[in-house]
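In each ligand, atom 1 is the first atom listed, and ligand 1 is the first ligand listed. Every heavy atom of this structure was used, including side-chain atoms; hydrogens, water molecules and symmetry mates were not.
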Amino acid sequence: MRGLVRETELRADRLVLPLFVSETASVREPIAGMPGIERLPLTEVVDEAREAAVLGVAAVLLFGLPAEKDSEGSGAWDQEGVVQQATAAIKRALPQLLVITDVCLCEYTDHGHCGVLNQDGTVENDATLELLARTASSHARAGADIVAPSDMMDGRVGAIRAELDSEGFSDTPILAYSAKFASAFYGPFREAAGSAPAFGDRRAYQMDPANGREAVREALLDASEGADMVMVKPALAYGDLIRAVKRATRLPVAAYNVSGEYAMVKAAVAAGYIEERAAVCEILTSLHRAGADIVISYHSKDAAQWLSQTA
Ligand code: PBG
């Protein structure tokens with residue numbers, strides 16, 4: 001009876017699992033603050049993706065950790081780069097599993113910012129657009145099903161769309177990180193990706209958590225530039241914006257349940273304060289209830305496993 005009137009359903013085929021792929025790791029490396037999540041060597045990435053696919057997880061979202069970084073982040077668009085290699089390997093082995101690639105420069109720049117810098121250390125928006133576009137098309141060439149720009153530069157969705165179209169990838173959708181806040185909840189990710197800014201912070205290009213209307217405007221702007229899906233990130237403190245962005249754009253909305261949100265749950269579970277399965281299912285369900293069509297979460301594999309047990 002309860003199933004008959006339930007309004008939202010947690011489903012593995014709405015979940016996305018982020019993966020960190022390292023060019024230098026020779027074995028799986030644990031990540032501080034994220035028990036159960038590892039930096040994967042290229043040789044392990046297909047196995048990890050397969051585990052997710054077997055459980056019915058819809059997609060993986062790839063982040064690359066290159067062997068070398070430079071001021072421009074040139075590893076990001078290297079056709080033989082770590083994400084490009086991982087994408088090709090996963091698509092070869094698991095053609096049904098969707099591969100989404102994170103398009104950003106911060107994991108590839110030696111200064112850790114999401115774009116190239118001016119003399120004064122600020123990010124140069126327009127020069128960065130071309131590099132992001134190049135990065136996105138190299139991912140599509142490697143076989144990415146969806147590209148997801150997370151840099152928050154102005155005009156990047158339009159620039160990426162134009163480049164993809166001109167390179168023959170007009171069918172490759174863009175999932176724009178539209179409402180991406182300058183958040184304290186990205187801490188463990190930056191440790192995992194080695195992408196903490198060497199100086200300053202990201203507040204010039206990420207959004208102020210106090211600004212909800214601005215988030216909706218950003219999402220509408222990305223939609224007008226050709227975004228096929230939009231994202232709200234982080235997720236847990238932003239349920240109002242998941243709903244508002246969904247209403248305003250009418251596009252599929254993804255919610256990113258980020259590293260710090262995962263870390264909080266894991267820490268509380270380890271301390272014996274909360275019950276993991278119930279808490280995680282409640283969190284993921286609440287994101288769907290808020291309006292998310294797609295949920296990106298480090299809990300995806302566990303959740304899919306639990307769902308398969310109850311089915
Ligand atoms: C890259 C990027 C970040 C995250 C996703 N893409 C880090 C940041 O903006 O500092 C964070 C994801 C997470 O915390 O799980 N720009």
Subject >> Option whose closest heavy atom lies nearest to atom 15 (O) of ligand 1, chosen from Tyr298, Tyr262, Phe189, Tyr186 >> reply: Tyr298

Considering only protein heavy atoms, which is closest to [atom], and at what distance to one decimal place?
| atom | result |
| --- | --- |
| atom 14 (O) of ligand 1 | Ser259 OG, 2.7 Å |
| atom 4 (C) of ligand 1 | Lys233 NZ, 2.6 Å |
| atom 10 (O) of ligand 1 | Arg190 NE, 2.5 Å |
| atom 16 (N) of ligand 1 | Lys180 NZ, 2.9 Å |

List ligand 1 atoms under 4.0 Å from [X], heavy atoms only on the residue side.
| X | result |
| --- | --- |
| Cys104 | 16 (N) |
| Cys106 | 1 (C), 16 (N) |
| Ser150 | 1 (C), 2 (C), 6 (N), 16 (N) |
| Tyr256 | 12 (C), 15 (O) |
| Asp102 | 6 (N) |
| Phe63 | 5 (C), 6 (N) |

Do [X] and [Y] have side chains that approach each other closer than 4.5 Å (heavy atoms only, starting at C-beta)?
| X | Y | answer |
| --- | --- | --- |
| Phe169 | Arg141 | yes |
| Lys301 | Glu48 | yes |
| Asn257 | His299 | yes |

Original post:
By the rule that ILVMFWY residues connect when side-chain heavy atoms come within less than 4.5 angstrom, directly or transitively, which residues belong alongside Leu55?
Top reply: none

Original post:
Of all residues at least two apart in sequence or in a different chain, which pass the ring pair (Phe, Tyr, Trp, His ring centres under 6.0 Å) check with Phe20?
Top reply: Phe63, Phe189

How close do [X] and [Y] get, heavy atom to heavy atom, and via which atoms?
| X | Y | result |
| --- | --- | --- |
| Thr87 | Gly143 | CG2-C, 3.7 Å |
| Val57 | Ala304 | CG2-CB, 3.7 Å |
| Glu276 | Trp306 | CG-CH2, 3.9 Å |

Original post:
Where on Asp151 is there a heavy atom closer than 4.0 Å to ligand 1, on the side chain, on the backbone, on both, or on neither?
Top reply: neither

